[in-house]
Number of protein chains: 2
Amino acid sequence: MQVQANTIQSPPIVPAPPSALNLLEQFGSMTRVARDQEIYAEGAPAAACYRVISGCVRIVRLMEDGRRQVGDFALPGDLIGLDALETHDDTAEAVVDTVLRRYPRRMVEALADTQPALSCQLRKLALANLRSAHARMLLLGRKTANERLASFLLEMDRRSPLEAGHLALPMTRADIADYLGLTVETVCRVLAHLKREALLTMTGPGTIRLDRPRLRVLACETRH
Amino acid sequence: MQVQANTIQSPPIVPAPPSALNLLEQFGSMTRVARDQEIYAEGAPAAACYRVISGCVRIVRLMEDGRRQVGDFALPGDLIGLDALETHDDTAEAVVDTVLRRYPRRMVEALADTQPALSCQLRKLALANLRSAHARMLLLGRKTANERLASFLLEMDRRSPLEAGHLALPMTRADIADYLGLTVETVCRVLAHLKREALLTMTGPGTIRLDRPRLRVLACETRH
DNA sequence: CGAACATTTGAGATGGTTCAAGGGTTGTGG
DNA sequence: CCACAACCCTTGAACCATCTCAAATGTTCG
């Protein structure tokens with residue numbers, strides 16, 4: 001039994017971007033990024049932002065001794081690189097082969113200066129990101145390993161393109177561990193535990209099915 | 001020996017707000033909030049945002065079983081309540097008696113719609129908040145108790161109004177613990193350890209002096 | 001002064017880590 | 001098409017950083 005599958009082919013789902021962001025479309029260009037390839041690097045000038053078309057991207061932050069924190073996973077429809085001011089303060093890497101739409105920052109900023117609707121939309125996006133960052137701070141600061149995994153699975157489930165109960169988990173155990181502030185071993189053990197309790201069933205390589213109600217109880221999530 | 005002093009009188013330092021935010025000043029009004037009093041509550045409609053004039057505010061998020069995460073401490077000059085969309089997703093409480101300048105959200109939004117400079121400034125503020133949230137996720141997910149305290153002290157030192165090496169710590173040990181994802185006891189023990197090693201000296205009730213260079217090494221912070 | 005609360009310190013428990021080893025899977029090159 | 005190397009994933013056992021529980025010592029303020 002294994003959940004992971006790095007070579008999974010994500011379906012070519014292309015969610016429509018929010019209205020005001022349509023202004024950007026004319027300046028967008030498609031890019032293809034191979035698994036584990038870097039999209040942008042921490043400290044580099046922020047030349048562009050991207051929308052994930054298919055695949056999955058991890059946002060990463062490193063300490064000098066190698067400790068790693070995954071700040072987010074970006075799924076189809078999500079924007080990345082918008083959090084930068086002058087330079088990127090994190091690194092973006094493709095989790096699997098990924099297709100992106102690239103928007104030069106110069107264009108984004110120029111349009112934002114003249115189009116209040118876009119500027120407003122960008123602020124709302126930043127605020128939404130801030131909200132999810134706050135939720136993750138609570139998770140990292142106060143939740144147990146079980147609760148973290150349950151929250152993670154439900155979050156991925158909620159954000160993933162619907163697929164009749166099947167949830168794709170394209171990232172490695174190490175990625176999940178660094179996202180949740182745990183070790184690979186703990187992630188494995190907790191997943192094994194969830195399988196044993198039937199809160200989580202394998203439905204194929206790299207895809208699982210969740211018992212959402214019971215996971216919600218475990219995750220201490222009343223809302224959502 | 002004790003660091004804490006809830007009744008400390010913060011000096012009436014009033015930092016000038018960033019340029020574009022001056023547009024808001026004409027709609028601002030002063031408010032006084034007593035220690036531990038709520039400024040706004042999680043889930044409530046976001047009626048206003050505030051700038052801290054003097055004192056200190058904690059941004060709090062609660063779980064049903066009482067576990068608490070302090071998302072941030074707002075010091076003089078900082079803005080709070082701007083992260084809200086329609087409703088607040090966190091609670092703001094005064095750490096000590098605090099003076100605030102209150103800006104009705106209706107005015108903020110109306111001005112942002114017509115003043116691109118303000119809209120841009122608000123977005124930059126959100127992005128700066130996002131950056132510090134990312135830094136704290138790394139702290140909560142990957143740093144040890146010693147590193148967390150060292151990072152915390154340096155951050156407060158960096159953000160506090162300069163006072164010739166003296167740093168005021170108006171918040172409780174419990175507040176610090178909930179900010180760093182630790183327990184009160186661990187915070188006490190680490191602080192005792194830092195005192196023993198002379199990385200931290202008492203300079204009066206509620207004020208301390210830091211050995212910044214050595215703390216930076218401890219905090220694993222090359223930058224700043 | 002005394003009650004309520006914050007801080008400190010100790011001793012013991014424990015959730016998660018670390019270290020170690022085995023089994024699976026994937027991709028590559030012969 | 002198979003064999004091998006590289007990498008994941010999984011599981012076990014021991015350890016330890018931090019938590020929990022407990023109690024003593026401030027501190028604040030009515």
Side-chain angles (χ1 to χ4, degrees), chain A residues 1-9 34-36 58 65-68 95-97 139-150 152 169-196 200 202 204-208 218, chain B residues 1-9 34-36 58 65-70 95-97 139-150 152 169-196 200 202 204-208 218:
Chain A
M1 278 211 294
Q2 56 101 44
V3 177
Q4 190 258 342
N6 280 329
T7 52
I8 188 172
Q9 294 302 326
R35 182 160 90 93
D36 287 336
R58 64 173 169 260
D65 58 8
R67 279 178 285 180
R68 196 177 75 138
V95 170
V96 292
D97 292 352
L139 178 148
L140 292 170
R142 290 300 179 213
K143 287 192 178 177
T144 66
N146 281 338
E147 291 166 349
R148 293 184 201 200
L149 259 298
F152 168 71
L169 283 189
M171 65 292 288
T172 61
R173 296 287 184 266
D175 287 338
I176 298 176
D178 287 339
Y179 183 68
L180 298 177
L182 300 170
T183 59
V184 180
E185 293 93 331
T186 300
V187 171
C188 273
R189 276 186 259 267
V190 172
L191 285 178
H193 170 74
L194 294 179
K195 282 179 212 163
R196 229 176 295 126
L200 156 54
M202 314 296 309
T207 66
I208 57 178
L218 223 183
Chain B
M1 279 213 294
Q2 57 100 44
V3 177
Q4 190 259 340
N6 279 328
T7 52
I8 189 172
Q9 294 302 326
R35 181 161 91 91
D36 287 335
R58 64 174 169 260
D65 58 8
R67 278 178 284 180
R68 197 177 75 139
Q69 177 70 35
V70 172
V95 169
V96 292
D97 292 352
L139 178 147
L140 292 170
R142 289 302 178 212
K143 288 192 178 177
T144 67
N146 281 339
E147 291 165 349
R148 292 183 201 200
L149 258 300
F152 167 71
L169 284 189
M171 66 291 287
T172 321
R173 296 284 184 271
D175 288 337
I176 298 176
D178 288 339
Y179 183 69
L180 299 177
L182 300 170
T183 59
V184 180
E185 294 93 330
T186 300
V187 170
C188 273
R189 275 186 259 269
V190 172
L191 285 179
H193 171 75
L194 294 179
K195 282 180 211 164
R196 228 176 296 124
L200 157 52
M202 315 297 309
T207 66
I208 57 177
L218 223 182

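Chain A is the first sequence line, chain B the second, and so forth, proteins listed ahead of strands; every chain is numbered from 1. Keep in mind it's a predicted model, so treat the numbers as computed, not measured.
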**OP:** For Asp36(A) and for Thr144(B), locate the closest nucleotide of DNA chain D by heavy-atom distance; then report the residue assigned to the nucleotide nearer the 5' terminus.
**Re:** Asp36(A)

**OP:** Compare the minimum distances between each of dT20(D), dT11(D), dT8(C) and the side chain of Cys188(A), then state the nucleotide with the smallest one.
**Re:** dT11(D)

Original post:
According to a strict under-4.0 Å criterion, is Thr172(A) in side-chain N/O contact with OP1 or OP2 of dC8(D)?
Top reply: no

**OP:** Specify the separation, in whole Å, of atom CZ of Arg67(A) and atom C1' of dA17(D).
**Re:** 13 Å

Subject >> Between dT28(D) (C1') and Arg35(B) (CZ): distance, integer Å >> reply: 8 Å

Subject >> Spacing of Leu182(B) atom CG and Arg173(B) atom CZ [to the nearest 0.5 Å] >> reply: 13.0 Å

**OP:** Figure out the CZ/P separation between Arg142(B) and dG16(C), and round it to whole Å.
**Re:** 13 Å

Original post:
In whole angstroms, how far is the C1' atom of dG15(C) from the CG atom of Leu182(B)?
Top reply: 15 Å

**OP:** Kindly say if Thr186(A) contacts the phosphate of dT17(C), meaning a side-chain N or O under 4.0 Å from OP1 or OP2.
**Re:** yes

Subject >> Arg173(A) side-chain N/O to dT10(D) phosphate OP1/OP2 under 4.0 Å >> reply: yes

Subject >> Out of dT18(C), dA6(C), dT9(C), whichever nucleotide has its closest atom nearest the side chain of Arg189(B) >> reply: dT9(C)

**OP:** Any chance you could lay out the side-chain contact (heavy atoms from CB on, under 4.5 Å) test for Leu180(B) and Thr186(B), step after step, and finish with the verdict?
**Re:** CA-CA 10 Å; Leu180(B) 299 177; Thr186(B) 300; over 6 Å; no

Original post:
Expressed in angstrom and rounded to an integer, what is the separation of Leu180(A) atom CG from dT17(C) atom C1'?
Top reply: 15 Å

Original post:
Quick one: CG on Leu169(A) to CD1 on Ile208(A), what's the gap to the nearest 0.5 Å?
Top reply: 4.0 Å

**OP:** Give the C-alpha distance, both sets of side-chain angles, the deciding distance and a yes or no for side-chain contact (heavy atoms from CB on, under 4.5 Å) between Val190(A) and Arg148(A).
**Re:** CA-CA 10 Å; Val190(A) 172; Arg148(A) 293 184 201 200; over 6 Å; no

Original post:
Does Arg58(B) have any side-chain hydrogen bond (donor to acceptor under 3.5 Å, both in side chains) partners at least two apart in sequence or in another chain, and if so, which?
Top reply: Asp36(B), Glu93(B), Asp175(B)

**OP:** Identify which nucleotide among dT20(D), dT10(D), dT18(D) has an atom closest to any side-chain atom of Ala145(B), counting heavy atoms from C-beta outward.
**Re:** dT18(D)

Original post:
In whole angstrom, what separates Asp178(A)'s CG from dT17(C)'s P?
Top reply: 11 Å

Original post:
NZ of Lys195(B) versus C1' of dT9(C): gap in Å, rounded?
Top reply: 12 Å

Original post:
To the side chain of Glu185(A), which of dT9(C), dT11(D), dT17(C) is closest?
Top reply: dT11(D)

**OP:** Measure the distance from CE on Met202(B) to C1' on dT27(D) and round it to the nearest whole Å.
**Re:** 13 Å

